[in-house]
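Here is the structure we will look at, set down as structure tokens.
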2 protein chains.
Amino acid sequence: MTTRHKMLLGGVELLRERGAAGVTVDAILARTATPRGSVYHHFPGGRGQIISESLDLAGDAIAAIIDDSLADGPVAGLRRFAAFWTQILQTSDFKAGCPVIAVAVGGAPDDELAHKVATIIERWQASLRASLVAAGVSEQRAVPLATMAMASIEGAVILCRTTRTITPLNDVVDELTAMLAIVVPQRG
Amino acid sequence: MTTRHKMLLGGVELLRERGAAGVTVDAILARTATPRGSVYHHFPGGRGQIISESLDLAGDAIAAIIDDSLADGPVAGLRRFAAFWTQILQTSDFKAGCPVIAVAVGGAPDDELAHKVATIIERWQASLRASLVAAGVSEQRAVPLATMAMASIEGAVILCRTTRTITPLNDVVDELTAMLAIVVPQRG
DNA sequence: GTCTATACGAAGATAGAC
DNA sequence: GTCTATCTTCGTATAGAC
């Protein structure tokens, strides 16, 4: 594990808990026990570069989790995706949520970062839409269904943080499952 | 309009756009054109007090909007609630979202504020659950349905900010309407 | 690559005049 | 109630040694 990578992982953690505003150089150093002298060696662009690269890292990692989760179709996929959030919420004592959403809600510091957030989320949605279409849902129906799924899961993660329980996420997954059971053609 | 109230409205605006971290004394003064010398006169608790009171004000205002929206039942209510968000999003050029969610996602500065956020959201949920029950939904079913509605609408507001369109919110309301059409006993 | 020290700026808060 | 000036703290960034 390189110092550079440790710093980025610290950046992702801070994004999860407090959004872009929470990613300060001091906070990363305190959390990762990395040397202050290395910050501008690894990141000549300073704090802004750390935020940007942490966001990229988080976006790619979650995209991979989504794609993996969807291997057995959209219904099982959403449940696995929710299980990933459950783990994040519980291991962080409900302090951490979605790092990408946190940047969106906290207001991106600049347009480049805002655009990056939009691109990442659109990519997640595209995976979900493709999975729905592969399961037999029409392209037209897949669009609002994928939006509904992403909005409700991301919203539920936030409600889990406020209630300090995983109940909202479980409820939403159950409702989504019921909804998709009607819409997605069943096999067997 | 008193100076004190102007400052709080500025605080609510900043909460919407950037969460608690965005509510700085300087930002409020720049936005509301109120005198710097009045800050600690009206708010001896300083910045923390402004954030806390702004959150209260926002929570109460949105609770009132929810209760009003639900006057003709849950289905019409969710549509009216979404229309409120549409107005906020469009008039702010998609820069503003839900101030209470923004505090939750950005990490509340202290436990008192975190507890306040939880209380506010639980109150919104209670209104929605009561409306569902009044429409004939069982108390058991009303809980996850209200969670689903709140999570998906709040999530959609965030997606609207990233896409800079109201499409996610419209899609979610349509899906919720279809879902409730199945669950809520129809009259007539 | 990493260290210490320091410059610089932003923001919260206070003091005392009016 | 509002003013200006000032103090302090914190966070970013740089300089120069090792």
Side-chain angles (χ1 to χ4, degrees), chain A residues 1-57 99 102-103 106-114 116, chain B residues 1-57 99 102-103 106-114 116:
Chain A
M1 173 83 67
T2 67
T3 293
R4 182 187 160 84
H5 195 61
K6 271 189 211 165
M7 287 176 171
L8 287 179
L9 290 182
V12 173
E13 274 188 34
L14 289 163
L15 282 181
R16 285 195 189 289
E17 295 172 21
R18 304 166 133 280
V23 183
T24 65
V25 174
D26 284 359
I28 289 178
L29 299 181
R31 189 169 293 226
T32 59
T34 45
R36 174 173 298 272
S38 308
V39 173
Y40 292 89
H41 172 73
H42 291 299
F43 304 95
R47 177 178 177 254
Q49 186 182 352
I50 297 180
I51 295 175
S52 178
E53 290 195 30
S54 297
L55 181 62
D56 283 333
L57 185 63
V103 173
D110 55 75
D111 285 354
E112 187 241 339
L113 212 70
K116 195 166 274 191
Chain B
M1 173 83 69
T2 68
T3 292
R4 183 186 160 84
H5 195 61
K6 271 189 211 164
M7 288 177 171
L8 287 179
L9 291 182
V12 174
E13 274 187 35
L14 288 163
L15 283 181
R16 285 194 188 289
E17 296 172 22
R18 305 169 133 280
V23 183
T24 65
V25 175
D26 285 359
I28 289 178
L29 298 180
R31 189 169 293 227
T32 60
T34 44
R36 175 174 296 272
S38 307
V39 173
Y40 292 89
H41 171 73
H42 292 299
F43 304 96
R47 176 178 178 254
Q49 186 181 353
I50 298 180
I51 294 175
S52 179
E53 290 196 31
S54 296
L55 181 62
D56 283 333
L57 184 62
V103 174
D110 56 75
D111 285 354
E112 187 241 340
L113 212 68
K116 196 166 276 191

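Atoms considered below: every heavy atom in the structure, side chains included; atoms not considered: hydrogens, waters and symmetry mates.
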(message) Do D26(A) and R36(A) have side chains that approach each other closer than 4.5 Å (heavy atoms only, starting at C-beta)?
(response) yes
(message) Closest-nucleotide mapping onto DNA chain D: is V25(A) or G37(A) further toward the 5' terminus? I mean the 5' end.
(response) V25(A)
(message) Looking only at the side chain of P35(A) (C-beta and beyond, no hydrogens), which of the listed nucleotides dG12(C), dT2(D), dC3(C) gets closest?
(response) dC3(C)
(request) Answer yes or no: does a side-chain N or O of H42(B) lie under 4.0 Å from OP1 or OP2 of dT2(D)? (result) yes
(message) Quick one, D56(B) and L8(B) - any side-chain contact, counting heavy atoms below 4.5 Å?
(response) no
(message) Can you confirm whether L9(B) sits close enough to E13(B) that some side-chain heavy atom of one is under 4.5 Å from a side-chain heavy atom of the other?
(response) no
(request) Would you kindly give the CZ-to-C1' distance between R47(B) and dC10(D), to the nearest whole Å? (result) 12 Å
(request) Specify the separation, in whole Å, of atom CG of L29(B) and atom P of dA10(C). (result) 16 Å
(request) Return the value, rounded to whole Å, for the distance between atom CG of D26(A) and atom P of dT9(D). (result) 15 Å
(request) Would you indicate, yes or no, if dT2(C) has its OP1 or OP2 atom less than 4.0 angstrom from a side-chain nitrogen or oxygen of S38(A)? (result) yes
(message) Does E53(A) form a side chain to side chain contact (heavy atoms under 4.5 Å, CB included) with H42(A)? I'd like the steps, not just the answer.
(response) CA-CA 12 Å; E53(A) 290 195 30; H42(A) 291 299; over 6 Å; no
(request) Please report, rounded to the nearest Å, how far the P atom of dA15(C) is from the OH atom of Y40(B). (result) 12 Å
(request) Rounded to the nearest angstrom, tell me the gap between atom CZ in F43(B) and atom C1' in dT14(C). (result) 18 Å
(message) From C-beta outward on H41(B), which listed nucleotide comes closest to its side chain: dT2(D), dT12(D), dG12(C)?
(response) dT2(D)
(message) Looking at T3(B), I'd like to know whether one of its side-chain N or O atoms comes within less than 4.0 Å of OP1 or OP2 on dT2(D).
(response) yes
(request) Check L57(B) against V12(B) and note the closest heavy-atom contact, atom names and distance. (result) CD2-CG2, 4.1 Å
(request) Could you state the atom-to-atom distance from CD1 of I28(B) to P of dG12(C) in whole Å? (result) 9 Å
(message) dC10(D), OP1 or OP2 - any side-chain N/O from T24(A) closer than 4.0 Å?
(response) no
(message) By nearest atom, which of the nucleotides dC3(D), dT14(C), dT12(D) is closest to the R36(A) side chain?
(response) dT12(D)
